[in-house]
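A short write-up of the structure that comes next.
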Amino acid sequence: MKLTVLGCSGGIGGETARTTAFLLDDDVLIDCGTGVGDLELDALCRIDHIFITHSHLDHIASIPLLVDSVGDERGYPVTVYATPETLRILRSHIFNWLVWPDFTSIPDRHHPFLRFQPLKVGESVQLGGRTVSALPAHHTVPAVAYSIDSGQGQLIYSGDTAYCPELIAAINQSPRLKHLIVETAFSDEQRGLAMASRHLCPSMLVAMLEELSVSPEVHISHLKPGQGERIMGQIAAGASRLKPEALVGGQVIEF
Ligand SMILES: [Zn+2]
Ligand SMILES: [Zn+2]
């Protein structure tokens with residue numbers, strides 16, 4: 001199984017900054033930020049499943065345009081998985097006929113372009129030998145992390161989260177964990193902002209990593225544009241035994 005990084009930045013701007021989206025093999029998206037817009041139309045048509053960590057725009061921005069672009073080309077709906085709370089937000093504030101049409105009833109309710117599938121923390125979805133499970137996370141809106149198990153190994157992606165003991169416990173219960181993608185949105189100078197917006201800064205990340213009893217490769221995502229080197233320098237100075245590396249757009253992780 002391979003995970004291709006379509007976007008992993010905390011913002012936009014320039015040639016490389018795209019917001020969070022990961023392509024699992026060629027038919028599953030984990031978050032649906034602006035990075036999805038770089039895919040060719042035929043690649044967009046192959047996407048059957050989209051798992052969303054939370055409702056913030058940088059993680060959902062491409063869902064409305066994706067569904068509109070490919071809906072007519074496909075014989076069956078794209079399925080968006082998220083917690084019931086997140087799906088309620090998407091229905092009320094995006095697919096509400098005001099910001100965007102309700103594609104769960106286009107062209108009609110029996111053959112829609114889009115369907116929503118609730119997925120609660122602790123629940124899993126099986127997709128042909130691949131298991132995607134929702135794990136706890138702490139953010140300003142209802143949010144989850146995801147575990148993806150290929151049968152050979154496991155990857156966990158934090159989504160957007162503050163320090164979260166329940167997520168740390170879930171990570172420590174994953175003995176076959178090979179990769180951990182974890183956000184660090186702010187520098188230590190912006191610790192107050194990180195706390196208020198329920199994101200991590202380097203000192204909080206290092207504290208979290210020190211509690212891990214497993215030893216995955218650690219990849220850092222959601223770096224604020226223009227702050228990447230500073231944040232990664234502060235993480236390196238924290239001297240975690242896991243030696244985190246910045247995730248980059250286009251990177252492919254096989255597991
Ligand atoms: Zn967020
Ligand atoms: Zn975000």
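The structure presented is a predicted model; accordingly, all values stated were derived computationally and were not measured. In each ligand, atom 1 is the first atom listed, and ligand 1 is the first ligand listed.
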**Co-membership, hydrophobic cluster, residues Leu127 and Leu135, 4.5 Å side-chain** = no
**Asked** Relative to each other, are the rings of Phe103 and Phe95 parallel, tilted or perpendicular (30° and 60° limits)?
**Response** perpendicular
**Message:** Holding to side-chain hydrogen bond (donor to acceptor under 3.5 Å, both in side chains), I want the full list of residues that pass it with Arg46, two or more places apart in sequence or in another chain.
**Reply:** Asp26
**Prompt:** What protein N/O/S atoms lie closer than 2.8 Å to the Zn ion (ligand 2)?
**Reply:** Asp58 OD2, His59 NE2, Asp160 OD2, His222 NE2
**Request:** Return yes if a side-chain donor-acceptor contact under 3.5 Å exists between Glu183 and Ser221, otherwise no.
**Result:** no
**Item:** Student check: side-chain heavy atoms of Tyr146 and Leu155 closer than 4.5 Å
**Value:** no
**Asked** Can you hop from Leu6 to Ile181 via hydrophobic side chains spaced under 4.5 Å?
**Response** no
